[in-house]
Amino acid sequence: MNAPPTALGADHEPAPLQRLLLAHTPAAERSWHALCWQLDARLAELIRRRADPTIAAIRFAWWDAVLVERDDAKGRGEPLVDAWRQQADAGASTAAERLIDGWRVLASPDPLSDEDLLDYALARGGGLFALLAGGESEAANRLGALWALWDLAGHASEEALGRRSLTLASDFLPRDARSARSLPRPLRLLAAVAMPDVRAARLPSRGFTPRQYSRLLIAALRG
């Protein structure tokens with residue numbers, strides 16, 4: 001990625017789990033990883049606010065125009081957009097489009113089918129992991145989808161939706177432990193936090209828990 005910009009400010013501080021992942025990110029890549037997590041959080045806000053679907057669609061279209069179509073007339077003065085334009089390489093637009101499309105699935109007013117959940121997971125998780133890994137790969141797609149479904153299960157207001165998400169996530173569990181080794185260390189650690197819950201079909205707790213911290217610490221010690 002291109003040279004890192006100045007910090008985005010205290011109002012864009014990453015969540016506790018992401019902050020720990022950033023500590024395990026090489027210094028040269030840390031600014032880019034932080035920016036990608038901030039973008040994911042901004043898109044998530046469009047869903048958490050439960051905006052009118054039409055308004056949400058307009059906002060997602062704005063992000064498409066700025067990050068995918070690269071409309072330089074939009075977003076000037078927006079810290080995240082300015083930072084993106086300084087750091088993102090030419091290939092980032094494709095992964096950003098997937099990330100935006102993943103969140104767009106959850107904005108639908110209709111009940112989410114299993115197909116919808118898979119579309120969300122492969123787009124959001126695969127897109128975000130591709131941004132963080134510097135490119136797409138089967139490992140990024142599969143573990144990104146697993147993580148996205150695990151993350152949704154931990155935030156879903158309906159238990160049934162959370163359990164469906166975990167069931168679908170189990171299909172993405174790696175058959176070979178070596179499959180994750182091609183991914184950057186922060187993504188391997190993130191997968192290590194999520195996989196035990198997916199294997200046990202256990203709904204993750206909201207927020208960053210001591211159990212999750214222990215998993216991350218153990219995975220970090222193992223390398």
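Along the sequence shown, residues are numbered consecutively beginning with 1.
Aromatic ring pairs are classed by plane angle as parallel below 30°, tilted from 30° to 60° and perpendicular above 60°; the pair Trp32 and Trp84 is tilted.
Proximity of Ser165 to Trp150: side-chain heavy atoms (C-beta onward) are nowhere separated by under 4.5 Å. For the pair Leu190/Phe129, a side-chain contact is recorded, criterion being any heavy-atom separation below 4.5 Å from C-beta on. Under the 4.5 Å side-chain criterion, counting only non-hydrogen atoms from C-beta, Leu216 is in contact with Leu21. Contact of the Leu20 side chain with the Tyr213 side chain is registered, since non-hydrogen atoms from C-beta on lie closer than 4.5 Å. At a threshold of 4.5 Å between non-hydrogen side-chain atoms, the residues Arg42 and Trp63 count as touching. Annotation: side chain of Glu158 is not in contact with side chain of Arg164 (no heavy-atom distance under 4.5 Å). Between Val66 and Asp71 the shortest side-chain heavy-atom distance does not fall below 4.5 Å. Considering only heavy atoms from C-beta on, Leu143 stays 4.5 Å or farther from Leu187 through its side chain.
The existence of a salt bridge linking Glu45 and Arg48 is confirmed by a sub-4.0 Å separation between a basic side-chain nitrogen and an acidic carboxylate oxygen. Classification of Asp64 and Arg70 as a salt-bridged pair fails, no side-chain N sitting under 4.0 Å from a carboxylate O. Classification of Arg76 and Asp82 as a salt-bridged pair fails, no side-chain N sitting under 4.0 Å from a carboxylate O. The existence of a salt bridge linking Asp101 and Arg98 is excluded, since no basic side-chain nitrogen approaches an acidic carboxylate oxygen closer than 4.0 Å.
Rounding to the nearest 0.5 Å places CD of Glu159 at 11.0 Å from CG of Leu161. Once rounded to the nearest 0.5 Å, the distance linking CD1 of Ile47 with NE2 of His155 reads 13.0 Å. Atom CD of residue Glu97 and atom CD of residue Glu69 lie 8.5 Å apart, to the nearest 0.5 angstrom. The NE2 atom of His33 lies 13.5 Å from the NE2 atom of His24; values are rounded to the nearest 0.5 Å. Rounded to the nearest 0.5 Å, atoms CH2 (Trp37) and OG1 (Thr25) are 9.5 Å apart. Taking OG1 from Thr167 and CG from Leu149, the interatomic distance works out to 10.0 Å, rounded to the nearest 0.5 Å.
Hydrophobic clustering of Ile, Leu, Val, Met, Phe, Trp and Tyr side chains at less than 4.5 Å, counting indirect connections, unites Leu17 with Leu217. Residue Leu189 is grouped with residue Leu173 when hydrophobic side chains (ILVMFWY) are merged at heavy-atom distances under 4.5 angstrom, including chains of intermediate members.
Across every non-hydrogen atom of Gly75 and Trp62, the tightest pair is CA-CZ2, 3.7 Å. In terms of heavy atoms, Ala130 sits closest to Ala140 at N-CB, 4.5 Å. Nearest heavy atoms, Arg104 versus Ala61: NH2-N, 3.9 Å. The two atoms that bring Ala201 and Leu166 nearest to each other are C-CD1, 3.8 Å, heavy atoms only. In terms of heavy atoms, Gly162 sits closest to Ala156 at N-CB, 4.0 Å. Annotation for Ala23 and Arg30: closest pair O-NH2, 4.3 Å, computed over non-hydrogen atoms.
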Just do the side-chain contact (heavy atoms from CB on, under 4.5 Å) check on Leu67 and Ser93 with the steps written out, would you?
-> CA-CA 6 Å; Leu67 303 185; Ser93 294; over 6 Å; no

Test Leu46 against Phe60 for side-chain contact (heavy atoms from CB on, under 4.5 Å), laying out the working first.
-> CA-CA 8 Å; Leu46 297 180; Phe60 282 123; 3.6 Å; yes

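With hydrogens and angles disregarded, no donor-acceptor distance shorter than 3.5 Å links the side chain of Thr209 to the backbone of Ser205. When atom types are taken as modelled, the side chain of Asp89 and the backbone of Ala92 share a donor-acceptor pair closer than 3.5 angstrom. Using a distance-only test at 3.5 Å, with no hydrogens or angles considered, a donor-acceptor pair links the side chain of Arg142 to the main chain of Asp171. The main-chain N or O of Val105 is never found under 3.5 Å from a side-chain atom of Ser108 such that the two would form a donor-acceptor pair. Side chain of Arg188 to backbone of Leu183: a donor-acceptor contact under 3.5 angstrom is found.
Shown here are the salt bridge (charged side-chain N to carboxylate O under 4.0 Å, His left out) partners of Asp72, two or more places apart in sequence or in another chain: Arg85.
The salt bridge (charged side-chain N to carboxylate O under 4.0 Å, His left out) pairs that include a residue from residues 192-211 are Asp197-Arg202, Asp197-Arg215, where partners are two or more places apart or lie in different chains.
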Show me the side-chain donor-acceptor pairs of residues 117-127 shorter than 3.5 Å, one per line, residues at least two apart or across chains.
unit_1, atom_1, unit_2, atom_2, d
Tyr120, OH, Arg124, NH1, 2.7
Tyr120, OH, Ala148, O, 3.0
Arg124, NE, Asp40, OD1, 3.0
Arg124, NH1, Asp151, OD2, 3.0
Arg124, NH2, Asp40, OD2, 2.8
Arg124, NH2, Asp151, OD2, 3.2

